[in-house]
> 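One structure follows; several queries about it will come next.
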Amino acid sequence: MTDFENVATHRGVGGSRGWVVAPIHTLGDPAPRDRYILVADDLTPADTAGLDLALVAGFCTAGGGPTSHTVQVAHNLGIPAVVAAGPLVLTVVSGTMCALDGDGGLLHAGLHGGDLRSARDRENEHAQRDRLRRERALAVGPVAGGVTLSTTLVKPAQAAEVARSAASGIGLLATELLFLGREGEITVEEAHFRAYCDLARAVGDAEITVRTLDIGGDKPMPALNLPQEDNSFLGVRGLRLALARPEDLLIPQLRALYRAAAGGAHLRIMFPMVTSVEEFIRASQIAEGIRSELGAPRVPLGVMVEVPACALTIDLFAEQVDFLSIGTNDLSQYLLATSRTNPDLAHDMDPLHVAVNRTVAQVADAAAAAGVPVTACGGLAASPVGAVVLASLGISGLTVTMAAIPAVIEALSRLDDGARRMIRHQALTTGGTGHLTEHVSARLAL
Ligand code: PEP
Ligand code: MG
């Protein structure tokens, strides 16, 4: 069912929130000069990061999944995205006027007359609501409902926006694009060093948590000439890859980070896709060697909790690390054995599944017992319902996209102790995105 009478509605899954109205442009057709909604079979994370936001209002893909890296990039850019809409969406003719509903996961195609007017009214209402939320979030500041909000950043060029947002700092700087976007003869170390120093200048005293390279899975990097893998999500990815190629990947990045820290940058270093404590110890020994060679200050070292083995041994990790951050996208994928990128499973991906909630609660409890700070990031943290559930499960810091901060602050501001207890109980017994969305929305009037 849609609110429109004479349109064809393509149903996918909401990837990144928002509502925009514009003609569509199918990738491969001659490029229009005015703002459009991009329609494509699929997009890589790097394609998405390179979109010209002066022209691309949002996108809809036939394939993909709601927690894919492509969607994470869309979240970070603040544009709506619908994925897994199926191949029929590719038959909509370029130039057709459409409304893209990133919350509902719909593309309404062929709007005119009264339908077009009401779609535009809705676009204006969304814009107005977002403006008000942004103002209120700035007034509340980075702590809401006892939870501290930091932001993710995929493009260092967006750093200036961080200082203008309600975020406490950068909780996850993804560095894949720094490796991809290197120019000319400049070395990896030098390119990274300059980028970290520029970022530190842009955000002032705020803390920047830098995630070391997380390549593999659905984030290819052709320049590395990595061998083709049958199952790249279970292959040489994240810290595994960095430890397999320390000379060209891990060491230059760590040297750049410690040089920036020596220059006054307020950094933390976070390793992705860690499976065993031994991996973390190897990485931290390399880091410590570089630090002492450079005479740099100590920098907190932490891991992302994304692999079930890491979650199950969290007490052992808590003895070694300075901080933890739960990556809800990967943790859901691996716990539920549900690919982040398979469009046929897009509706099955349930980051609020009771198994995920229980794992999050166990990690939060173990971290609290050991006195280690634990935050959560990924798509779940950036949705108001997900943020409220994570807070109720004991997570005291969330890293979300800049676009999501106002709505997350608004939701967390409504969370009192009674609601927290009820939501925690529901999350740990029943769980499920559908059930919890209904429960949380009713309880907090979201
Ligand atoms: C995650 O897995 O939740 C996460 C934040 O990392 P990415 O989405 O980049 O894999
Ligand atoms: Mg991840």
Side-chain angles (χ1 to χ4, degrees), residues 15-16 43-46 48-49 64-77 81 83 149-155 170-180 209-221 232-242 268-275 279 302-311 323-341 346 349-353 356-357 359-360 363 374-383 386-387 389-390 393 395 397-404 408:
S16 179
L43 294 169
T44 66
T48 310
T67 61
S68 64
H69 282 104
T70 293
V71 168
Q72 302 317 303
V73 176
H75 271 296
N76 275 283
L77 299 178
V83 295
L149 273 299
S150 59
T151 188
T152 51
L153 206 70
V154 291
K155 279 181 139 180
I170 301 174
L172 194 172
L173 172 69
T175 54
E176 290 73 58
L177 292 178
L178 283 178
F179 280 89
L180 282 172
T209 301
V210 181
R211 179 178 73 184
T212 58
L213 181 69
D214 182 15
I215 280 298
D218 64 339
K219 281 184 286 192
M221 192 182 278
S232 59
F233 274 114
L234 298 180
V236 187
R237 195 195 147 183
L239 185 59
R240 260 182 210 160
L241 175 62
R268 302 197 306 172
I269 298 174
M270 180 161 78
F271 299 111
M273 293 297 301
V274 183
T275 304
E279 276 178 331
V303 299
M304 292 191 70
V305 184
E306 306 183 276
V307 179
C310 175
F323 66 94
L324 296 161
S325 180
I326 301 176
T328 59
N329 298 327
D330 276 311
L331 187 62
S332 313
Q333 159 170 261
Y334 295 116
L335 277 174
L336 305 175
T338 303
S339 162
R340 291 172 68 167
T341 53
M349 176 53 90
D350 185 355
L352 288 174
H353 189 289
V356 181
N357 300 337
T359 308
V360 168
V363 171
V374 59
T375 55
C377 54
L380 182 66
S383 79
V389 173
L390 290 165
L393 293 172
I395 300 296
L398 295 176
T399 298
V400 313
T401 57
M402 256 179 297
V408 167

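Whatever order the structure lists them in is the order used to number ligands and atoms, beginning at 1.
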> Does a side chain donor of either T152 or T401 reach within less than 3.5 Å of an acceptor in the other side chain?
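No pair is found: no donor N or O on one side chain lies under 3.5 Å from an acceptor on the other.
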> Can you name the N/O/S atom of E306 that is nearest the Mg ion (ligand 2)?
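Going by distance to the Mg ion (ligand 2), the closest N, O or S atom in E306 is OE2.
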> Please could you name the atoms of ligand 1 that K219 approaches to less than 4.0 Å, counting only its heavy atoms?
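In order of number, 9 (O).
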> I need the contact type for R340 against ligand 1. Using non-hydrogen atoms and a strict under-4.0 Å cut-off, is it side chain, backbone, both or neither?
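Side chain only.
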> Check ligand 1 against R211 and write out every atom of the ligand that is under 4.0 Å from a heavy-atom position of the residue.
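Checking each atom against R211, I get 6 (O), 7 (P), 9 (O).
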> Specify side chain, backbone, both or neither for E176, according to which of its non-hydrogen atoms lie closer than 4.0 Å to ligand 1.
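The answer is neither; E176 stays 4.0 Å or more away.
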> Is the shortest heavy-atom distance from the side chain of M273 to the side chain of L241 under 4.5 Å?
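Side chain of M273 against side chain of L241, heavy atoms only: no contact under 4.5 Å found.
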> Which atoms of ligand 1 sit under 4.0 Å from any heavy atom of G378?
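Under 4.0 Å from G378, ligand 1 has these atoms: 3 (O), 5 (C).
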> Output the atom name for the N/O/S atom of D330 with the smallest distance to the Mg ion (ligand 2).
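For D330, the N/O/S atom sitting closest to the Mg ion (ligand 2) is OD2.
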> Quick one: does M304 get a heavy atom under 4.0 Å from ligand 1?
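Right, M304 reaches ligand 1.
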> Compare every heavy atom of V363 with every heavy atom of I326, then report the nearest pair and how far apart it is.
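So the two residues come closest at CD1-CG1, 3.8 Å.
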> Closer than 4.0 Å to some heavy atom of N329 - which atoms of ligand 1 meet that?
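What qualifies from ligand 1 is 1 (C), 2 (O), 3 (O), 4 (C), 8 (O).
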> Taking distance alone, with no angle check, do Q72 and ligand 1 share an N/O pair under 3.5 Å?
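Looking only at distances, the answer is no, because the N/O contact criterion of under 3.5 Å is not met.
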